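These figures come from a predicted structure and were not determined experimentally.
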2 protein chains.
Amino acid sequence: MKLGQATIKDIAKELNVSLSTVSRALKDYPGISNETKRKVKELAEKLNYRPNAIALSLRKSKSFTIGVIIPEVVHFFFSTVISGIEEVAFANGYNVILCQTNEKLQRELSSIEAMLDNQVDGLLVSYSKETEDFNHFTKLLKQNFPIVFFDRVPEIENTVNVTVNDFKGAYDATSHLINQGYKNIAHLAGPKNLTISRKRLDGYLAALQDHSIKHNPDWIIPCPIGTQEESFEFTKRLFENEKAKPDGIFASNDIAAAGAMMAVKSLGLKVPSDVGVVGFSDWQFSSMIDPPLSTVSQPGFQMGEKAISLLLEMINKKKDETWTPKTVVLETELIIRKSSEKIITE
Amino acid sequence: MKLGQATIKDIAKELNVSLSTVSRALKDYPGISNETKRKVKELAEKLNYRPNAIALSLRKSKSFTIGVIIPEVVHFFFSTVISGIEEVAFANGYNVILCQTNEKLQRELSSIEAMLDNQVDGLLVSYSKETEDFNHFTKLLKQNFPIVFFDRVPEIENTVNVTVNDFKGAYDATSHLINQGYKNIAHLAGPKNLTISRKRLDGYLAALQDHSIKHNPDWIIPCPIGTQEESFEFTKRLFENEKAKPDGIFASNDIAAAGAMMAVKSLGLKVPSDVGVVGFSDWQFSSMIDPPLSTVSQPGFQMGEKAISLLLEMINKKKDETWTPKTVVLETELIIRKSSEKIITE
DNA sequence: TTGTATGCGTTATCAC
DNA sequence: GTGATAACGCATACAA
């Protein structure tokens, strides 16, 4: 067990002054003689005094702690976001407590409970793939509890969100494939209940339409789990069964893209000469695989920074002041690597 | 701002009973009439009462929060460890607060301060690459403050550590290269101040020795930064300058290995036929690169689980009871993929 | 079976 | 300049 920390009381007793004097001296309040101030500070230093944040929290009804709810830490994009969150939190004297849901709704619910029990001042959430209604959030929002959603944002009213231009990212990626000469482009889609999946699908469809390409519903493959194995399997099946084989794949994330690439290669087809592939997210590995994967990069760190900045703003509003709902949209960037370069082949 | 939560006081007032009655009723203490119990619980439910964890912490001088200090979240291995930590913490009603040091000593120091301010019950630490003395830890340990070090463990007395058998992992990896017929094996080493780097180097050297291969000091390349670019550069230089070129590389981590592989390929050499490569850690991308990278996998999740389990044990000791220093060593596993398979080439 | 009083560490409000 | 006291939300020793 941890041994007792020195408290204000200890200092007061040793110096034969009152608690309030010590408290004031430590905070350089006016109306304390320099002499006492000096003595108090010296002793505080010597006893290695540190204010008890728990007591402060209780006193101020504010914990200087924010809760982050995230599907998985082991996910390059999310860990980047956490990094951004952590950075700004730290700089502002806030702590970050973390819960991952492992994509389970049940876990999401209990995590929120735990965080509320711990009096977090606000919540940063990216909800799970299982989450289909948002009552647990609306209930809190109604009580004016500060929440900022990031990446996976719910389609409910009065929320503050930070997201990425998924539509445009997908549109750009698909257009790029088309411009490279790939005309039969399949899409490995994400889970339907995530807005980001739908937006990416929409971007894909819009790009096809704008280039007067009719889309083939059979070529939109839902990949609800999101593992490499899943997309490998589905891609293989797609290329084996169809008569008119696709020559391009736009995947809603890099893992799926990597699985697809392996599937394509396993069938003896070449990337990018036979099939062009573009992913989404720019995972760490994407530049290292063979061929290096073209992808849509998302500013994860920046998303984290923005999300917590907004949250801190909300937290620091005066009571009764409300905030205006808004959605901050960060731009993506198409990163062109070998996996989609049909034109400049050697 | 968050609106007021219901407290015990609110319930007591509304029911015209005392605070203690409510408190006891809620916790099913003996000696409370079923009638009052029922009424209290009903109202608590209705008011959506939740005990204030902050007040509890203050009362019990225990925060049910543990602090995790980690170099970087955006690091596959560490995020895996976090995942394990988070899992066990959650199951035991503990919160995890997170600080990343970004490999900066200064940040490590201030993170620890912040965590102590917040009365964490214990600390889980993997220190930064800049950390060369451990006074900030020994000071705490002397006060009997619970700390468990994981992965990067300091060589100081009376600590509780969880680590991986880095020596054996490196030994196995190097031996494997030798058995495959690679005889001139270079090593991309990690930062010297990390024990893990030294252990891996030792394992490498021991394997060479046991196979009667004299090691070449020039072929031990320190990679203090640990980026892909760094190892790319260094590897390229190594292969360009030497007369007797190496035909094998054992890198102290997968990122370095990936960089080395790219360097080798850029020089027109083939992996694995000309040069065999083995990494360390089994990052997510390692199976996806070309050729798939042989590596030494570390049980990150398990390490997290073990570390926090030990910490909770320490936390739950009675006052004055001390714990026995120990180091739990988890075993690694050599994962053989294409990058090191000289023998079975087609 | 229930109520009262005290303390966890801190600060704000009065008082002197 | 400094001190006493109440309050933040809760649990518990002690009374009744």
Side-chain angles (χ1 to χ4, degrees), chain A residues 1-41 43-44 47-65 93 116-121 319, chain B residues 1-41 43-44 47-65 93 116-121 319:
Chain A
M1 279 289 299
K2 187 179 163 192
L3 296 186
Q5 272 289 340
T7 71
I8 278 194
K9 211 178 191 171
D10 299 322
I11 299 181
K13 204 174 292 171
E14 184 138 348
L15 256 39
N16 269 320
V17 292
S18 74
L19 295 181
S20 8
T21 304
V22 176
S23 173
R24 284 188 278 235
L26 286 171
K27 324 198 73 186
D28 279 324
Y29 261 56
I32 297 284
S33 74
N34 286 330
E35 176 62 8
T36 7
K37 240 185 233 179
R38 194 185 50 73
K39 282 204 288 192
V40 168
K41 287 189 174 173
L43 186 58
L47 296 182
N48 199 6
Y49 167 79
R50 48 172 20 106
N52 183 321
I54 301 265
L56 285 176
S57 297
L58 186 59
R59 184 89 229 293
K60 307 205 164 167
S61 310
K62 185 165 181 331
S63 63
F64 287 94
T65 298
L116 293 180
D117 285 349
N118 281 276
Q119 311 293 116
V120 293
D121 293 335
K319 232 174 195 143
Chain B
M1 280 292 297
K2 188 181 164 192
L3 295 187
Q5 272 289 341
T7 71
I8 277 194
K9 209 177 192 172
D10 300 321
I11 300 180
K13 203 174 291 172
E14 184 137 349
L15 256 39
N16 269 322
V17 292
S18 76
L19 295 181
S20 32
T21 303
V22 175
S23 172
R24 285 188 278 238
L26 286 172
K27 324 198 72 186
D28 279 324
Y29 261 54
I32 296 284
S33 73
N34 287 331
E35 176 62 7
T36 3
K37 246 187 226 176
R38 194 184 50 72
K39 282 203 290 191
V40 168
K41 287 189 173 173
L43 186 57
L47 295 182
N48 198 7
Y49 167 79
R50 47 171 21 104
N52 182 322
I54 301 264
L56 285 176
S57 298
L58 188 58
R59 180 87 226 294
K60 307 207 163 168
S61 309
K62 186 163 179 333
S63 63
F64 287 93
T65 298
L116 293 180
D117 285 349
N118 281 277
Q119 311 293 114
V120 293
D121 294 335
K319 231 174 196 143

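A:Asn34 meets the side chain to side chain contact (heavy atoms under 4.5 Å, CB included) test with A:Lys37; sequence neighbours excluded. Considering only residues two or more places apart in sequence or on other chains, A:Lys13 meets the side chain to side chain contact (heavy atoms under 4.5 Å, CB included) condition with none of them. For A:Lys9, the side-chain hydrogen bond (donor to acceptor under 3.5 Å, both in side chains) criterion is met by no residue, not counting sequence neighbours. Scanning for side chain to side chain contact (heavy atoms under 4.5 Å, CB included) contacts around B:Arg59 gives an empty result, with sequence neighbours left out. Shown here are the side chain to side chain contact (heavy atoms under 4.5 Å, CB included) partners of A:Thr65, two or more places apart in sequence or in another chain: A:Ser63, A:Asn95, A:Ile97, A:Val120. Residues satisfying the side-chain hydrogen bond (donor to acceptor under 3.5 Å, both in side chains) criterion with A:Ser20, sequence neighbours excluded, are A:Ser18. Partners of B:Thr36 under the side-chain hydrogen bond (donor to acceptor under 3.5 Å, both in side chains) rule, at least two apart in sequence or in another chain, are B:Ser33.
Note that the CZ atom of B:Arg24 and the CD1 atom of B:Ile8 stand 10.5 Å from one another [nearest 0.5 Å]. Taken to the nearest 0.5 Å, the CG atom of B:Asn52 stands 9.0 Å off from the CG atom of A:Asn118. Here the CD-NZ distance, from A:Glu14 to A:Lys39, works out to 11.0 Å after rounding to the nearest 0.5 Å.
The stretch residues 33-40 of chain A touches DNA chain D through A:Ser33, A:Thr36, each having a heavy atom within less than 4.0 Å of the strand. Within residues 19-27 of chain B, the residues having any heavy atom under 4.0 Å from DNA chain D are, by residue number, B:Ser20, B:Ser23, B:Arg24, B:Lys27.
For B:Val17 and A:Ile8, each mapped to the nucleotide of DNA chain C holding its nearest heavy atom, the one lying further toward the 5' end belongs to B:Val17. In terms of position on DNA chain C, the residue among B:Ile32 and B:Leu58 whose nearest nucleotide sits closer to the 5' end is B:Ile32.
Taking every nucleotide of DNA chain D with any atom under 4.0 Å from a non-hydrogen atom of chain A, the first and last of them, 5' to 3', are D:dG1 to D:dG9. For DNA chain C, the span of nucleotides reached by chain B at under 4.0 Å from its heavy atoms goes, 5' to 3', from C:dT1 to C:dG9.
Rounded to 10 degrees, the angle between the two end axes of the helix from C:dT1-D:dA16 to C:dC16-D:dG1 is 60°, with five pairs used at each end.
Across all their heavy atoms, A:Phe64 and A:Asp121 have their closest contact at N-OD2, 2.7 Å. When all heavy atoms of B:Leu58 and A:Ile54 are compared, the closest pair comes out as N-CG2, 3.7 Å.
For the side chain to side chain contact (heavy atoms under 4.5 Å, CB included) with B:Ile32, the qualifying choice from B:Val40, B:Val22, B:Leu26, B:Thr21 is B:Thr21, the only one to do so.
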